[in-house]
Structure formats: structure tokens, C-alpha cells
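What follows is a set of notes on a single structure, which appears directly below.
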Amino acid sequence: MADQSAPQEMTEVSEAQIAVHWKEEEYFQPAAQLVAQANLNDPRVRERFALEKFPDCFREYAAMLDWFEPYEKVFDGSNAPFWKWFTGGKINAAYNCVDRHLAKYASKPAFIFVPEPETETETRITYQELYTRVNEMAALLRDFCGLRAGDRVTFHLPMTPELPITMLACARLGIIHSQVFGGFSGQACGSRIQDSGSRVLITMDAYWRNGALIDHKQNADIAVQTAKELGQDVDKVLVWQRYPGKYSAPTPMVNGRDYFVNEVLKNYRDKIVEPEKMDSEAPLFLMYTSGTTGKPKGIQHRTGGYLAYVAATSKWVQDIHPDDVYWCMADIGWITGHSYIVYGPLACAATGIIYEGVPTYPDAGRPWRIAEKYRVNIFHTAPTSIRMLRKLGPEEPRKYNYHFKCMTTVGEPIEPEAWRWYYNEVGKKQAAITDTWWQTENGGFLCTTIPALDAMKPGSAGPGAPGIHPVILDENGDEVPAGSTRAGNICIRNPWPGIMQTIWGDPARYVQTYYARYNKNPASKNWRDWPYLAGDGALLAADGYFRILGRIDDVINVAGHRLGTKEIESACLTVPEIAEAAVVPVMDEMKGRVPEVYIALKPGIIASDEIRARVIKANEELIGKIARPKHVYIVPDMPKTRSGKIMRRVLASISNRKEVGDVTTLANPNVVEEIRVMVQGKDAQVTQGEIPEDIAKFGEEK
Ligand code: WTA
């Protein structure tokens with residue numbers, strides 16, 4: 001049984017009281033060569049963007065864009081916390097990403113598409129070709145689908161150039177796109193179609209992943225069916241062909257509903273569609289993400305502020321120049337891809353790589369071959385890929401002749417060990433690393449070093465980006481000072497142009513989730529009264545660098561992807577034999593965290609592998625393969641408080657081989673030991689050492 005002395009605090013402890021001790025890492029300095037050519041090399045930039053300069057400092061960001069009509073006001077906070085940016089301005093995102101570059105860069109590639117099969121040749125799409133293709137697609141959306149500014153369209157597209165082309169075609173017309181990550185299931189796509197009220201779904205027949213050509217069209221049929229059951233009809237499904245002229249999926253097309261985009265496009269050859277002059281505040285896109293409770297939230301981003309923010313941070317933080325070749329390995333189906341494959345880099349006239357498949361296919365040398373072949377000099381990926389590439393091919397980068405000046409990491413905290421491999425081996429000790437901390441809701445980077453200005457510290461995201469003023473608050477709303485070893489909730493004091501507008505269709509949830517915790521006066525019109533709660537625990541070192549510890553809510557970050565507890569548990573409960581389900585995060589060497597599921601069966605049902613298999617299948621079908629539980633444990637009962645709440649924290653401790661703490665106050669303390677033996681074996685030893693905050697407090701009542 002657990003040691004009774006130490007754990008007392010674990011049931012009582014709050015995030016602000018958790019003391020975290022980690023060794024201060026040494027600093028790394030950027031290379032002189034990088035500094036000499038950097039877009040941002042003014043050491044006074046953070047003074048220029050000091051809090052007293054809010055909001056006018058952000059004029060500099062708006063000035064990086066071309067406006068049809070100038071904005072009247074930089075910032076309007078009168079309907080706090082529904083901020084408005086660059087009001088009165090008229091702008092078009094596609095115009096800024098494509099048209100305005102034609103004068104100088106028409107024949108320069110905007111994208112180089114690298115298919116997963118190494119035998120297939122790449123496709124280069126110049127800015128001129130991108131212009132043509134975006135215009136033709138816009139004509140199709142307008143004239144064939146009857147779509148207009150403000151309508152929503154759902155995409156379920158894989159990583160091919162058709163995805164950014166379709167996004168930009170929507171942006172050209174002011175149509176709000178909602179791309180659902182291609183790896184999500186048809187059901188997950190269907191519920192997002194319904195929530196956004198889309199009547200058009202755009203997909204692709206097939207794509208390559210890990211050596212297999214996947215039938216993706218079948219997901220569209222499921223998505224349409226799911227949306228229909230939820231009350232939303234889809235009248236057109238547009239299917240891009242992975243190989244134009246050939247249908248690569250075995251799933252049949254549905255007459256009168258499904259159309260091959262390539263076919264229909266023939267009617268719109270060389271059509272030009274004038275870019276709509278959109279209000280700066282017009283929504284640009286929705287991106288669904290998981291939250292603590294309930295269904296995924298449709299994060300709504302605006303046109304002007306968002307585009308200004310991602311353009312500026314692409315230029316300053318990633319140091320993108322038009323003659324750079326930039327490769328972000330994220331999927332465009334996540335916010336990282338929207339902001340830092342599509343909108344930000346294109347606004348900077350970059351040449352970007354779009355890679356279709358998995359980084360380790362056919363071996364762990366693949367990324368470095370791509371880097372060498374296309375002369376990539378700016379690289380961007382996530383800790384989960386870094387760990388994987390390091391494990392499978394620690395010496396692979398040395399074999400290839402490429403040179404990175406900047407590298408970004410995003411999505412989860414990076415262990416200093418993994419950071420050092422990234423720096424020494426991947427970056428060959430020449431590239432500056434930016435560890436960028438931010439979220440779907442934020443549009444762009446919040447904490448990061450500036451490559452030519454700031455020293456790097458492994459494991460720390462760094463200070464706030466220019467104009468971003470983070471603060472750590474404890475549960476009373478008091479500031480936790482720099483240099484304290486106490487963790488707390490990282491918040492942002494001020495609004496910024498990249499912040500979401502609202503949650504689609506649920507403004508109350510927007511206020512509740514991000515602002516209610518620290519706002520003391522809901523009637524206040526003063527932005528200073530509305531600190532933004534990010535939902536991560538963090539620590540502030542004496543040097544002003546933030547170290548992110550992980551989620552404080554019940555979100556499980558699997559390989560950098562947010563999965564909601566509720567989504568997984570609801571999927572489990574679709575198996576009719578199950579009475580209760582609880583999911584917990586388990587530490588995983590590669591993916592950071594993976595879900596493990598505990599289930600209790602209805603009376604009279606006998607536990608079986610078959611039920612376990614159906615629980616796994618339900619998660620794969622309803623959410624996607626990333627939600628696949630590592631284990632499914634069928635338990636006699638859930639550990640519960642006297643008021644009947646499932647103690648997920650106790651289950652999380654068991655799954656992670658940590659002390660369970662004091663369970664004597666539970667309604668059924670004996671079941672804890674029973675479950676522990678089932679999961680760990682009778683004589684298992686708990687592991688010592690600190691429990692990551694997201695696990696220690698998992699499932700805690702907030
Ligand atoms: C986590 C991804 C530590 C964090 C852009 C955040 C990070 C969540 C970092 C958002 C980082 C993201 N260091 N943790 N550099 N970047 N996170 O919405 O917990 O998919 O709240 O946006 O990922 O995930 P999201």
C-alpha cells in the first residue's frame with residue numbers, strides 16, 4: 001500500500017503549491033552568421049512592444065500586409081473579452097498570400113510537394129501557378145457550389161497542395177473553411193460538419209501513409225451520414241483525386257452528391273475571381289480543438305489580426321525570407337499547419353515544402369534527404385518526431401549535407417536531452433532553436449526566443465513573443481514572481497491580434513473557458529481586467545524564461561495533439577456493455593502521453609478481450625487512431641469520492657506507477673489496491689521522482 005506520510009499533500013495540493021525543481025540548463029548562443037542576416041535584430045524590440053505600448057505597437061504587424069482600405073482603430077476592447085483588431089480595415093488573406101507576390105516572385109515556387117513514395121517526383125507550384133489554381137478553385141466554389149462569404153465549408157484533406165489551394169480559394173471569397181485533420185475518423189469529421197453548419201464537404205480519394213495508399217473517400221460517406229443523423233445535410237461532396245484523372249479509392253462515388261474536383265475544374269479553366277474585400281474582423285477559418293468538457297470547440301479566427309500576427313511571427317521568429325526554403329513537418333490539419341505552413345510563410349513569400357507522409361518512411365533518414373535535396377534551411381517540427389527520429393536514427397542527420405539556420409519545436413514540452421540532440425545533431429550546432437509555446441486558440445507563437453537576439457535554454461520556451469506579456473498566477477489570482485520554484489497558471493495579460501474571436505456558436509463558453517477564472521468584474525471594458533487563461537501549468541525562471549509543464553485541465557496531449565477526456569470516455573460508452581469509463585494520461589517515451597482506459601461493466605456482464613477490443617475500435621472510429629488507448633482495464637468498480645465522482649487522479653497514479661496517495665476518504669478505498677494489483681502486478685514498485693503536473697492533478701475538480 002502507499003506510504004501514508006508523503007501523499008497527504010497530493011490530495012490537497014493546488015498547482016500553485018507544487019514546487020518544481022529542475023536544474024538550470026546552460027544557455028546556447030545563436031551563430032554569428034544567422035544574426036548577420038536576421039529579419040529581427042533590434043535588441044530593443046521588446047521595449048518597442050512593452051505593455052505601455054499596447055495596442056499601437058501592433059501597427060507594425062498590420063503594416064506587413066496589404067490592405068484594400070486602411071483600418072481606423074488598432075484595437076477595440078469595448079465588448080470585452082470579444083476583442084476586435086484593425087477595425088474598419090478591408091483585406092483579403094488570399095490576396096496577401098498570393099497576388100501581391102506575383103510582381104516579384106511569380107516564377108518562384110510557393111510550395112514543393114514531396115509525395116511519400118520516394119520514387120515519385122516532387123511537384124513545384126510557383127506563385128503564378130498557385131494564383132491560377134486558387135482562382136479556378138474559387139470560381140468552382142462560387143459558381144458550382146453556390147458558396148458565398150460567411151458560408152462554412154468543411155475539409156477532410158490530407159497533406160497535399162490541394163489543401164492550401166482550397167483554403168486560399170475559400171479565403172479569396174470570404175468563405176470560412178474548417179479543415180478537420182485527415183487522420184480523424186469519418187464520425188469526428190461528421191460532428192464538426194454539423195457544428196459548423198457546412199453543406200459542402202471537400203475531401204480526397206486517397207493518400208499515402210507509411211507505405212500504404214489509404215482509402216480516404218470512405219470517411220466522407222461516414223462523415224455525411226453522421227452529420228445527417230445530427231441534423232445537418234451535406235449536398236455536395238467534392239473529391240480531389242490524388243492522381244488526377246484516376247480514381248484511387250475502392251469506395252464508390254454517390255451519384256448527384258459526389259463530384260471529382262479535377263473534372264469540374266475543367267469548366268473553370270483560367271477563370272479569375274476578384275478577391276473579396278473582407279472586413280478585418282470577418283472570420284477566416286474554424287479549427288476544432290478539444291477542451292476540458294463537452295464536445296470539441298470550433299475556434300474562430302479573424303482575417304486581419306490573425307494574418308498580421310502569423311505573418312509577423314513567421315518573419316521575426318522563424319526568420320523567413322523569400323529566398324529561404326522552409327519546411328514545417330506538421331499537418332496542415334492542425335493549427336501549426338494553418339499558421340506556419342500556409343498563412344504565415346505565404347504572407348512572407350516563402351518557398352515551403354509540403355510532405356505527404358510520415359517522417360520515418362521508409363527510414364529515419366528521410367527528413368534529412370528531403371532537407372538536402374531541396375536545400376531546406378528552416379525546419380519546424382514537434383518533440384514527438386524529434387524523439388522518434390533520435391531513437392530510430394540518431395546518427396542519420398550526419399550523413400546528409402544540409403544546413404539549417406533556424407529550427408522550431410512546438411506542441412509539447414521538450415526534454416532537455418531531446419533538445420540537445422536536436423541542436424547538436426539535426427542543427428549541427430549551427431541552427432538556432434525556437435521552442436514556441438502557443439495554442440490553437442492563440443493563432444501564433446506566445447512564448448519563444450527570437451533567434452538572433454535571445455540565448456536559448458533547453459526545455460524553456462523563453463520569454464513572451466514581442467507584444468505578448470505572460471504572467472503566472474496562483475489560484476488566488478496573485479502573481480508568482482520570477483525565480484520562484486512555484487508553478488502556477490500561465491496567463492497572458494493583454495490581448496493580441498492572433499487571439500481567437502470566439503468559439504463558433506458558443507460565446508458563453510469562450511468567456512467561461514479562457515477568462516472567467518481570473519476576471520473579477522465581468523462588466524469591465526478594460527482589457528487589463530481580462531487575463532487570458534491558457535490552461536497550462538508553467539514556471540518562470542529568474543531570467544524571464546517560461547518553462548511549460550503541461551495542461552492543467554483534463555486534456556491529454558498525445559504526440560502534440562490535444563484529446564479531450566470527455567471525447568474518449570464518450571467513445572468508450574458507445575460499447576453497450578460498459579457502465580462507466582475513465583481515461584487517464586500515461587507517460588510515453590515517444591508520444592509524451594498516451595491514453596489508458598479504465599472501464600466498469602454493467603451488472604451481469606463478464607469481462608472479455610472482445611469487449612476490450614471493441615473499446616479500442618470505438619475510439620479509433622469515433623475519434624481516430626491517435627486516440628487508441630494503450631491499455632483497456634476492466635475493473636470491478638471505479639475509485640470514487642463519497643459524492644460519486646470518479647477519482648481519475650488515483651487511476652492516473654496507478655497507470656504511471658506512482659504513489660496513489662491517501663485514498664482513505666474514498667467511498668470504496670479497497671478497490672484501489674485491487675486495481676493497482678491488476679495493472680502493476682502484486683509486488684510492483686512505484687517509481688520515485690516528480691510526477692508531471694498534468695498527471696498529478698489529472699481529473700481534479702476545478
Ligand atoms: C502544448 C499547438 C510546451 C500546451 C500549437 C498547449 C506546448 C497545447 C508547446 C496546445 C511548447 C504547445 N512547450 N507545451 N513549445 N507548444 N504546447 O492547441 O499544453 O494543438 O496548451 O496548439 O500544446 O495545443 P494545440
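Along the sequence shown, the residues carry numbers beginning at 1. Both ligands and their constituent atoms are indexed starting at 1 by order of listing.
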Ring centre gap for Tyr288 and Trp334 strictly below 6.0 Å: no
Those atoms of ligand 1 less than 4.0 Å from some heavy atom in Asp536: 4 (C), 6 (C), 19 (O), 21 (O)
Aromatic ring pairing Trp496/Tyr532, orientation class (parallel under 30°, perpendicular over 60°, tilted between): perpendicular
Numbered atoms and elements of ligand 1 in range of Thr440, under 4.0 angstrom, heavy atoms: 18 (O), 20 (O), 22 (O), 25 (P)
Sub-4.0 Å atoms of ligand 1 with respect to non-hydrogen atoms of Asp435: 11 (C), 13 (N), 15 (N)
Identity and distance of the protein heavy atom lying nearest atom 24 (O) of ligand 1: Arg562 CD, 3.1 Å
Any Trp438 heavy atom less than 4.0 Å to ligand 1: yes
Atom 13 (N) of ligand 1 [closest protein heavy-atom partner, distance rounded to 0.1 Å]: Glu412 O, 3.3 Å
Test side-chain contact (heavy atoms from CB on, under 4.5 Å) applied to Met456 and Thr434, Ile433, Asp435, the passing residue: Ile433
Contacting atoms of ligand 1, where contact means under 4.0 angstrom from a heavy atom of Thr336: 5 (C)
Numbered atoms and elements of ligand 1 in range of Ile548, under 4.0 angstrom, heavy atoms: 3 (C), 14 (N)
From Leu453, Asp454, Ile468, residue fulfilling side-chain contact (heavy atoms from CB on, under 4.5 Å) relative to Arg46: Asp454
Test log, rule salt bridge (Lys or Arg N to Asp or Glu O under 4.0 Å), inputs Glu621 and Arg628: CA-CA 10 Å; Glu621 279 183 5; Arg628 187 188 166 95; over 6 Å; no
Plane angle bin for Tyr343 and Phe285 - parallel if under 30°, tilted between 30 and 60°, otherwise perpendicular: parallel
For Asn557, the ligand 1 atoms whose distance to one of its heavy atoms is below 4.0 Å: 1 (C), 23 (O)
Lys NZ or Arg CZ of Arg302 over Tyr309 ring: under 6.0 Å, within 45°: no
Donor-acceptor contact present, side-chain Asn476 to main-chain Asp478, <3.5 Å: no
Atom 16 (N) of ligand 1 - nearest protein heavy atom and its distance: Gly411 N, 3.0 Å
Polar side-chain atom of Gln439 near backbone of Ala534 as donor-acceptor pair, under 3.5 Å: yes
Sub-4.0 Å heavy-atom approach of Ala534 to ligand 1: no
Proximity to ligand 1 by part of Ala461, non-hydrogen separation under 4.0 Å: neither
Contact check: Thr436 vs ligand 1, nitrogen or oxygen atoms, below 3.5 angstrom: yes
Any side-chain donor near an acceptor of the partner, Thr384 and Glu412, under 3.5 Å: no
Gly535 to ligand 1, any heavy atom closer than 4.0 Å: no
For Ile335, atoms of ligand 1 separated by under 4.0 Å from a heavy atom: 5 (C), 22 (O)
